[in-house]
Visitor: 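Handing you this structure, nothing more for now.
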Amino acid sequence: MDRDTQLKAKEIMRRYRAHKRASFAIVALDAVFLIYMVIFKWDYRMDAVMGGFASFMLIISVFVTYVAIVAVAVLVEMAGAIKIDSALYEQCDPFVYEACLDGLHVFFYKDRVVCLHAMAQYYQGNSDRAEEILRSVNLYKLKGMFRLNYYILMSAICFQKGMGMRASELEQSFRNGIKKNKKAQRDFETLCASNNLIRAIENKDYPSAFRFLSERKGLDGAKCRKWTHIGYSLYEAEIYAGIGDKKSARLNLEYVIAEGGRLVYVKRAKELLREIEKTTDGESENG
């Protein structure tokens, strides 16, 4: 790990830990407030003075205040976690992201963090290492977005290895393991749209590829982050290059190279751009 990566990760973790300490402090003060109100400010004489119903409502208000303050503490800690996520999602730097993950000390949901390590490795370009990490994950302990990311990564790795049938098996496995609710169904549609997009590009069915890409974007909605836009731009470039629209392909590739940070997408974009330039030069020489 280079020094610049270490320094960036150290700064992000410093901010994360500051948020975490603030969160603990808020919870501690909240607990002191609750104990003070219940033990030192509450006695049986209040029922006689205020009446039973008013006394009950006061008790409820104390506990509601306690819960509200705990919620604030959780939001403060989440704001710190967002700073770690932004290393990948906004700064497009999977190396700094993984360095931050190395600094986390988790007692619960360890499989989720392991899955995030695999994601960092994949977007660094280490697909084999990402697959090795994913195979060590207890899939039954992954829920929601973590479970979806697991299947999306494993499917993408299968396609890279020319194992498209294995990706189809993963789709069926995902479908069999989800609950019958709108959120789970949407996750399944997202997985299928991602895989169908890759299949269409491999089969050079570019109209279908555009359709699946549009479907994938629609499923993301407002949740789409910068790194996702970078990936979409690379897919668009591949599709445009496939239909012969080299100008549009070049524009998308230049965007990926300029904004993609240290994502593996940048390497792929440079390779595709070189291929387009060679083809263009060849056409010019032939008249």
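These numbers come from the heavy atoms of this one structure, side chains and all, not from hydrogens, waters or symmetry mates.
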Visitor: Test N176 against S173 for side chain to side chain donor-acceptor pair (under 3.5 Å), laying out the working first.
Guide: CA-CA 5 Å; N176 292 339; S173 173; over 6 Å; no
Visitor: Find the distance between CZ (R3) and NZ (K10) and round it off to the nearest 0.5 Å.
Guide: 8.5 Å
Visitor: Just by distance, with hydrogens left out, do T228 and R216 show a side-chain donor and acceptor under 3.5 Å apart?
Guide: no
Visitor: Which is it for I82 and Y16 under the side-chain contact (heavy atoms from CB on, under 4.5 Å) test, yes or no, and what are the steps along the way?
Guide: CA-CA 8 Å; I82 288 173; Y16 166 75; over 6 Å; no
Visitor: Parallel, tilted or perpendicular, judged at 30° and 60°: which one describes the rings of Y240 and F210?
Guide: perpendicular
Visitor: With a 4.5 Å limit on heavy-atom distance, are the side chains of L116 and F146 in contact?
Guide: yes
Visitor: Is any NZ, NE, NH1 or NH2 atom of the basic residue among E11 and K8 found under 4.0 Å from an Asp or Glu carboxylate oxygen of the other?
Guide: no
Visitor: To the nearest 0.5 angstrom, please state how far the CG atom of D128 sits from the CD1 atom of I133.
Guide: 11.0 Å
Visitor: Kindly determine whether R262 and V266 satisfy side-chain contact (heavy atoms from CB on, under 4.5 Å), including the steps that lead there.
Guide: CA-CA 7 Å; R262 293 201 283 176; V266 174; over 6 Å; no
Visitor: Is the closest side-chain heavy-atom distance between D85 and Y97 below 4.5 Å?
Guide: yes
Visitor: Is there a continuous path of hydrophobic side-chain contacts, each under 4.5 Å between heavy atoms, that joins F95 to L7?
Guide: no
Visitor: So which heavy atom on I12 is nearest to which on A87, and how close?
Guide: CD1-CB, 4.0 Å
Visitor: If we only count heavy atoms from C-beta on, is the L104 to M13 side-chain gap below 4.5 Å?
Guide: yes
Visitor: Hey, mind stepping through Y255 and H229 against side-chain contact (heavy atoms from CB on, under 4.5 Å) and telling me if it holds?
Guide: CA-CA 10 Å; Y255 169 72; H229 279 298; 4.1 Å; yes
Visitor: Run N195 and I152 through side-chain contact (heavy atoms from CB on, under 4.5 Å) and show every step you take.
Guide: CA-CA 8 Å; N195 289 353; I152 287 178; over 6 Å; no
Visitor: Could you state the interatomic distance from CD (Q160) to OG (S155), rounded to the nearest 0.5 Å?
Guide: 11.5 Å
Visitor: Side-chain heavy atoms nearer than 4.5 Å, only ILVMFWY residues, links allowed to pass through others: does that put L88 and L234 together?
Guide: yes
Visitor: Hey, what do you get for NE2 (H19) to CZ (F24), rounding to the nearest 0.5 Å?
Guide: 13.5 Å
Visitor: Could you check if a side-chain atom of F212 sits within less than 4.5 angstrom of a side-chain atom of E215, using non-hydrogen atoms only?
Guide: yes
Visitor: Would you check if H117 and Q121 make a side-chain contact, meaning some heavy-atom pair closer than 4.5 Å?
Guide: no
Visitor: With a 4.5 Å limit on heavy-atom distance, are the side chains of F174 and R147 in contact?
Guide: yes
Visitor: Taking atom types as modelled, is there a side-chain donor on D187 or T190 under 3.5 Å from an acceptor on the other?
Guide: no
Visitor: Do L253 and I276 come close enough that some side-chain heavy atom pair is under 4.5 Å?
Guide: yes
Visitor: Do I230 and L213 sit in the same hydrophobic cluster, where Ile, Leu, Val, Met, Phe, Trp and Tyr count as joined when their side-chain heavy atoms come under 4.5 Å apart?
Guide: no
Visitor: Looking only at non-hydrogen atoms, find the nearest pair between A249 and A241 and report the distance.
Guide: CB-N, 3.7 Å
Visitor: For K267, does the NZ atom have more than 12 heavy-atom neighbours from other residues, nucleotides or ligands under 6.0 Å away?
Guide: no
Visitor: If you take all heavy atoms of S233 and N252, which pair is closest and at what distance?
Guide: O-CB, 3.4 Å
Visitor: Which heavy atom in D111 sits nearest to a heavy atom in S136, and how many Å separate them?
Guide: OD1-O, 4.5 Å
Visitor: Answer yes if L153 and Y235 sit in the same cluster of Ile, Leu, Val, Met, Phe, Trp and Tyr residues linked by side chain heavy atoms under 4.5 Å apart, and no otherwise.
Guide: no
Visitor: When rounded to the nearest 0.5 angstrom, what distance separates CG in L272 from CZ in R250?
Guide: 10.5 Å
Visitor: How many angstroms lie between atom CG of L142 and atom SG of C115, to the nearest 0.5 angstrom?
Guide: 5.5 Å
Visitor: Under a single-linkage definition using a 4.5 Å side-chain heavy-atom cutoff for Ile, Leu, Val, Met, Phe, Trp and Tyr, are I157 and Y123 assigned to the same hydrophobic cluster?
Guide: yes
Visitor: Please name the pair of heavy atoms, one in E171 and one in C192, separated by the smallest distance, quoted to 0.1 Å.
Guide: OE1-SG, 4.1 Å
Visitor: Would you call K141 and N138 a side-chain contact if the rule is heavy atoms closer than 4.5 Å?
Guide: yes
Visitor: Can you give me the closest heavy-atom contact between E202 and F159, atom names plus distance?
Guide: OE2-O, 3.6 Å
Visitor: Charged N to carboxylate O below 4.0 Å: is that the case for K83 and E90?
Guide: no
Visitor: Check for a donor-acceptor pair, side chain of D93 on one end and backbone N or O of V96 on the other, with a separation under 3.5 Å.
Guide: yes
Visitor: Checking salt bridge (charged side-chain N to carboxylate O under 4.0 Å, His left out) for the pair E254/K270: CA distance, chi angles, key distance, verdict?
Guide: CA-CA 9 Å; E254 288 172 351; K270 289 179 179 179; over 6 Å; no
Visitor: Answer yes when E275 and R268 have at least one side-chain N-carboxylate O distance shorter than 4.0 Å, and no when they do not.
Guide: no
Visitor: Would you say E98's side chain and A120's backbone share a donor-acceptor pair under 3.5 angstrom?
Guide: no
